[in-house]
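Please read the structure below before turning to the comments.
Per chain, numbering begins at 1; letters A, B, ... match sequence-line order.
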There are 2 protein chains.
Amino acid sequence: MKKLDESLLLRLPPFSQLSRAQIRKILDQAQTKRLDEGGSFFSEGEEATRFYLLLDGHIRVIKTTPAGDQIIVLHIAAGQLFGIAAALGHSLYPATAQAAAESLALSWPMPLLQEFSAIYQGFATENYKVVGARMQEMQSRISEMATQQVEQRVATALLRLTNQAGRKTDEGIEIDFPITRQDISEMTGTTLHTVSRLLSGWEKQGIILSTRKRIVIVEAHQLVRISDNLT
Amino acid sequence: MKKLDESLLLRLPPFSQLSRAQIRKILDQAQTKRLDEGGSFFSEGEEATRFYLLLDGHIRVIKTTPAGDQIIVLHIAAGQLFGIAAALGHSLYPATAQAAAESLALSWPMPLLQEFSAIYQGFATENYKVVGARMQEMQSRISEMATQQVEQRVATALLRLTNQAGRKTDEGIEIDFPITRQDISEMTGTTLHTVSRLLSGWEKQGIILSTRKRIVIVEAHQLVRISDNLT
DNA sequence: ACACGTCTTTGCGCCCCGACAAACAGCGAG
DNA sequence: CTCGCTGTTTGTCGGGGCGCAAAGACGTGT
């Protein structure tokens, strides 16, 4: 309900064409939730009662297989809606939304999702675009997993992360939230050992810089070359 | 425009709650397209001008990687809508829709997609359900590719196919359209050689029967066991 | 300052599965 | 009937990357 939030929302795609009054009305119905790294907004299998908008931070969406291993399905950056699967006919959250860094989100009761879509021009179409973009990303990842080698997949994953959460520094582009080799292995379907070996190699070649939980891409074009398998 | 089509449509989810008159109006605006095995309704990258409803046959949705290998993203069974990605903000078809068997489909100009959604109760929600189901399937496949061995993935793929296109025979459940080892390898991200070896092994064990382009699952529970890695 | 937990690195051996090659079987065309 | 194309089988070989194990680096809390 702070003024801060109002102007913030105005800049976000789902709400960009609304009036101040409309924004305030929407905000009145929202809850704020702040989580430390590692906390979950909701978990796979829970009843999908609310949908969310990430104001700040980063979220990883995790699925756990019957066998018990976790894999990271996608990442969500600030400004994006999440937990909207119910609009697609699911009554349960299909995955877990976990904070990859300290995160702040607004949430609304699920029935308002339909209401917002019906009432506010642009909200629905923005919704679809989010879904469409995610479907494309998932398709790409299926292709990658099917055809690419581990080395290429890891390179691709890093590039994707820089696109979604890259922050320019004087050394290169830094991935703007804490991320471990384990995380990357869960994104690419390999082991943290292999990821560690690859990153070490790349660091020796000056392609990246890396400290604990932090990765900076120095020569992105080299990663592109690797992900395209031009050896 | 045949009577056949009218009653057929009435039974399909997207149109199940419509009146005869509404159905006729919808049909008047539709084109019919029949394709032999191997033909394409549309191709990846083309401008998305029409959306489709599969009346009969089976379709495989293919993506080609920059490197040139094809992978089968998903299969579409009779009664399902396809080519509706434009509703999600894409102006180009994101993949190729190829007939896996002789197929018959209706199609409408893309603008009618919004119109149908707006006018006809149930059409829009049915649409979402299709999208939701496909997203879940894609998520599952990402998990599988990330965590499962090739043998498990192939078993899972066969089970999925029997669910989507299984036809009961006296020998077991038959996959109801022509499918090659190559196809299966493109679904599971492996080579046709490995698939051939696996299927041969399973046939020796009496789990499946297989002739050229035809697969019959005899002991589905054994496949479930394999896909769950209970060796 | 110290101890502890988390994250990371590195080595080694094995096995799955991809690459290559060659032959066979089924089906349609002429 | 025979040819040719497409799909399938089977063998051998080699390597990428996973499992296992252990130690090292970094950050944190007390």
Side-chain angles (χ1 to χ4, degrees), chain A residues 36-38 60 65 67-71 100-102 144-155 157-158 175 177-205 208-216 226 229 231, chain B residues 36-38 60 65 67-72 98 100-102 144-155 157-158 175 177-205 208-216 226 229 231:
Chain A
D36 288 328
E37 179 179 345
R60 49 172 171 254
T65 69
D69 358 50
Q70 294 189 338
I71 72 122
E102 185 183 3
E144 287 161 18
M145 309 267 294
T147 64
Q148 295 186 338
Q149 312 263 67
V150 168
E151 184 177 17
Q152 299 174 56
R153 296 210 300 270
V154 174
L158 284 188
I175 294 172
F177 59 90
I179 185 164
T180 68
R181 323 280 148 152
Q182 173 89 24
D183 289 334
I184 298 178
S185 75
E186 286 175 6
M187 296 174 57
T188 52
T190 179
T191 62
L192 80 161
H193 309 275
T194 301
V195 173
S196 178
R197 273 179 250 272
L198 286 172
L199 294 196
S200 300
W202 290 342
E203 186 156 18
K204 278 203 188 75
Q205 297 173 46
I208 65 169
L209 289 174
S210 167
T211 63
R212 165 177 265 241
K213 286 192 169 195
R214 248 177 103 261
I215 298 176
V216 182
I226 293 172
N229 197 20
T231 313
Chain B
D36 287 327
E37 179 180 346
R60 51 173 168 252
T65 69
D69 1 47
Q70 294 189 338
I71 71 122
I72 297 180
Q98 189 182 61
E102 185 182 5
E144 288 160 20
M145 309 265 294
T147 63
Q148 294 186 338
Q149 313 262 69
V150 168
E151 184 177 16
Q152 301 173 56
R153 296 209 300 269
V154 174
L158 284 189
I175 294 172
F177 59 89
I179 185 163
T180 68
R181 326 279 149 153
Q182 173 87 23
D183 289 335
I184 298 178
S185 75
E186 286 175 7
M187 296 173 59
T188 53
T190 180
T191 63
L192 81 160
H193 308 276
T194 302
V195 173
S196 177
R197 271 179 250 272
L198 287 173
L199 295 196
S200 300
W202 291 342
E203 187 157 18
K204 278 204 188 74
Q205 297 173 47
I208 65 169
L209 289 176
S210 167
T211 63
R212 165 177 264 239
K213 286 192 170 192
R214 247 178 104 260
I215 299 176
V216 182
I226 293 172
N229 197 20
T231 313

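Rounded to an integer number of Å, the gap from A/Arg153 CZ to D/dG17 C1' is 10 Å. In this structure, the CH2 atom of B/Trp202 is 13 Å from the P atom of D/dT9, given to the nearest Å. Atom-to-atom, CD1 of A/Ile226 to C1' of D/dG16 comes out at 16 Å; the value is rounded to the nearest Å. Atom CD1 in A/Ile184 sits about 10 Å away from atom P in C/dT9, given to the nearest Å. Atom CG in B/Leu192 sits roughly 13 Å away from atom P in D/dT10 (whole-Å rounding). Atom CD of B/Glu203 and atom C1' of D/dT10 are 15 Å apart (whole Å). Taking atom CD of residue B/Gln148 and atom P of nucleotide C/dC16, one finds them 16 Å apart after rounding to whole Å. Rounded to an integer number of Å, the gap from A/Glu37 CD to D/dT28 P is 11 Å.
The base of D/dG11 is paired with the side chain of B/Arg197 by a donor and an acceptor separated by under 3.5 Å. For B/Arg214 against C/dG26, no side-chain N or O and base N or O form a donor-acceptor pair under 3.5 Å. Judged by distance alone, with hydrogens and angles left aside, A/His193 brings a side-chain donor or acceptor within reach of the base of C/dT10, the pair sitting under 3.5 Å. Counting atom types as modelled, B/Arg212 pairs a side-chain N or O with a base atom of D/dT6 as donor and acceptor under 3.5 Å.
The distance from the OG1 atom of B/Thr188 to the CD1 atom of B/Ile71 is 10.0 Å, given to the nearest 0.5 Å. The CZ atom of A/Arg60 lies 6.5 Å from the CD atom of A/Glu37; values are rounded to the nearest 0.5 Å. To the nearest 0.5 angstrom, A/Glu186 atom CD is 10.0 Å from A/Ile179 atom CD1.
B/Ser196 contributes no side-chain N or O that, together with a main-chain N or O of B/Leu192, makes up a donor-acceptor pair within less than 3.5 Å.
Within 4.0 Å (heavy atoms only), A/Leu199 reaches no atom of the nucleic acid at all. Contact annotation for B/Thr191: backbone-only contact, meaning every heavy-atom pair under 4.0 Å involves sugar-phosphate atoms and none involves a base.
One finds a side-chain N or O of A/Thr194 lying less than 4.0 angstrom from the OP1 or OP2 phosphate oxygen of D/dC18. Of the side-chain N and O atoms in B/Arg181, none sit less than 4.0 angstrom from OP1 or OP2 of D/dG7. Distances shorter than 4.0 Å separate some side-chain N or O of B/Ser200 from OP1 or OP2 on D/dT10. Within the 4.0 Å cut-off from OP1 or OP2 of D/dT9, at least one side-chain nitrogen or oxygen of B/Ser196 is found.
Here D/dG17 is the nucleotide among C/dT10, D/dG17, C/dG18 with the atom lying nearest to any side-chain atom of A/Thr190. Closest to the B/Lys213 side chain, of the nucleotides C/dA19, D/dT9, D/dG7, is D/dG7.
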Could you walk me through whether A/Arg181 and A/Ser200 satisfy the side chain to side chain donor-acceptor pair (under 3.5 Å) test, starting with their C-alpha distance in whole Å, then the side-chain angles of each, then the deciding distance to 0.1 Å, before giving a yes or no? CA-CA 11 Å; A/Arg181 323 280 148 152; A/Ser200 300; 5.5 Å; no
